[in-house]
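The structure under discussion appears below in the form of structure tokens.
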Amino acid sequence: MNKITSIDSNSILKDALSLMNKDGYGVCYVLQKNKLVGMMTDGDIRRSLLNGISLTDKVKKVMNKNFFSLPLGTSTKKIQSSLEKYKFIPIINEQGELVSTVNNKSYHNIPLVQPLFNGNEKKYLTECIETGWISSQGSFVSKFEKIFSEYSSSPNTLAVSNGTSALHLAICALGIGKGDEVIIPDFTFAAVINAVIYSGAKPIIIDVNRDDMTIDSSLIEKNITKKTKAIIAVHLYGYSSDMQKIMKIAKKHKLYVIEDCAEALGTFYKGKHVGTEGDAATFSFFGNKTISTGEGGMLQFKRKKHLNLAKKLRDHGMSQNKRYWHEEIGFNYRLTNLQSAVGVAQMERIDFFVKRKREIAKTYDSYLSAFDKLSLPKDGKYIKNSYWLYTVLLDESISIYRDKIISFLTKSDIEVRPTFNPLHKMPPYIKYKPKNPLSNSVSFSKRGISLPTSINMTKEEIQFVCDRLVMAIHRCIN
Ligand SMILES: Cc1ncc(COP(=O)(O)O)c(C=O)c1O
């Protein structure tokens, strides 16, 4: 899986040069029976040609035999300090075999996800400041709603302060509250259960599917009671829930469906953007999301009447026709013009962002697919994954090493994230723990690692993450 540029010591210089040309680093490691015996740069070859060496001469004539290397297991601190002196460092095992390489281009802190603000963000923000429209009134709010609506093909769209307020507002606008029950997955971010509790309704926690981490639709019907009003389907890590099955059950039992798309902007189910099947859909624009406005969210409804009520509730329950006349106990869940300005600029580049996420996933796949100790995220039969966070699952047999692997990666300056904890195990939610076991959720919570998935990640950074991940696993199991 390691794409290190290496060549046998009996090869000729021309072959070494063409290999170096492909990888772009300009360095080649020379091997003899798998052992590292030398290394050379394209500069070394150039100088030797000037000194009369020919391209058909063997690489061992030119290679540098007195190279600097570090043993497998060297601390990050030592590697970093060595990189101040050496541009390329091979990492070798006890047998003298080349297992990895580091270089001063790839060896830096790799964040989990970084927003990318190199479109019109600055220009639109300046416009807000220069015109004085900085709060929640101003043209960017409706522009953001419009551009978002067009992208997701959903007409009734409302910008809100974050993904959690979007969920809370969705539940309230659908008329769900005290005495009602809402079915939710156990394996998700806590905002989902919090929003249900805020509304006064009772969360009914069920397990997720064994193969894709989203709500297990085969458990929904068993959990429906006279009090059930809605199901929240969370589209996790960029993958969609099985909306066909969920919608069928919801229709049969006259339940609302809320799609939590916080992690799934750019995900398509049966060719339609997620959020368009259910009665309501919610999105988050937190700093780590596919588009970001710092904090921010979007709420969409199938029906206009729900949108109208949510609009009122978003703004303290104030009448849309009579100012300072409050018809409901509402909230301040408005998004500012400043945040919306950033949102518009981000949405102008959404196709590029999603394309990049999918390319990053493909690159990860190419390095990791041969490795049988990992399950990788994928597209589904009807699902085009947006790979918000490329989340791998360790094989059950090595799941006990998950936290050790995370710690190894962290020490290598790679920011990774463990998967969510099961809701039913955390103190505020223990009282909602169901009688039946939630074994898939528990298993995913122990086995998952989300890898860096920033839009502007380079191929070399992805390779470095993969090298370190595989190295960490080998170190744990050997
Ligand atoms: C699945 C899910 N739902 C809801 C939210 C809440 O969004 P926010 O942080 O914008 O309130 C998040 C945020 O991380 C999320 O991942």
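No hydrogens, no waters, no symmetry mates; every other heavy atom, side chains included, goes into these values. Quick caveat, the model's predicted, so the values are computed rather than measured. Indexing begins at 1, ligand by ligand and atom by atom, following the structure's order.
No more than 12 heavy-atom neighbours from other residues, nucleotides or ligands sit within 6.0 angstrom of NZ on K202.
At a 4.0 Å heavy-atom cut-off, ligand 1 touches N162 through backbone and side chain alike.
Protein heavy atom in closest approach to atom 16 (O) of ligand 1: E263 OE2, 2.6 Å. For atom 12 (C) of ligand 1, the nearest non-hydrogen atom of the protein is F189 CD2, 3.4 Å. Shortest contact from atom 3 (N) of ligand 1 to any protein heavy atom: D260 OD2, 2.6 Å.
Against a heavy-atom cut-off of under 4.0 Å, V234 is close to the following atoms of ligand 1: 1 (C). Within ligand 1, the atoms closer than 4.0 Å to a non-hydrogen atom of A262 are 2 (C), 3 (N), 4 (C), 5 (C), 12 (C), 15 (C), numbered from 1 in the order shown. Those atoms of ligand 1 with a heavy atom of A191 less than 4.0 angstrom away are 4 (C), 5 (C), 6 (C). Using a 4.0 Å cut-off to heavy atoms of T164, the atoms of ligand 1 that qualify are 6 (C), 7 (O), 8 (P), 11 (O).
Looking at K229 and E181, no side-chain N of the basic residue comes within less than 4.0 Å of a carboxylate O on the acidic one, giving no salt bridge. For the pair E359 and K362, the salt-bridge criterion is not met [side-chain N within less than 4.0 Å of a carboxylate O].
Residue contacts with ligand 1: H235 is excluded, as none of its non-hydrogen atoms falls under 4.0 Å.
Counted by atom type alone, Q137 and N337 present zero donor-acceptor pairs between their side chains at under 3.5 Å.
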Which is it for R314 and E145 under the salt bridge (Lys or Arg N to Asp or Glu O under 4.0 Å) test, yes or no, and what are the steps along the way? CA-CA 14 Å; R314 175 181 70 168; E145 289 169 346; 3.3 Å; yes

For the pair R447 and D395, evaluate salt bridge (Lys or Arg N to Asp or Glu O under 4.0 Å) and give the outcome as yes or no after the intermediate values. CA-CA 7 Å; R447 293 162 52 208; D395 196 84; over 6 Å; no

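Rounded to the nearest 0.5 Å, atoms SG (C261) and CG (L236) are 12.0 Å apart.
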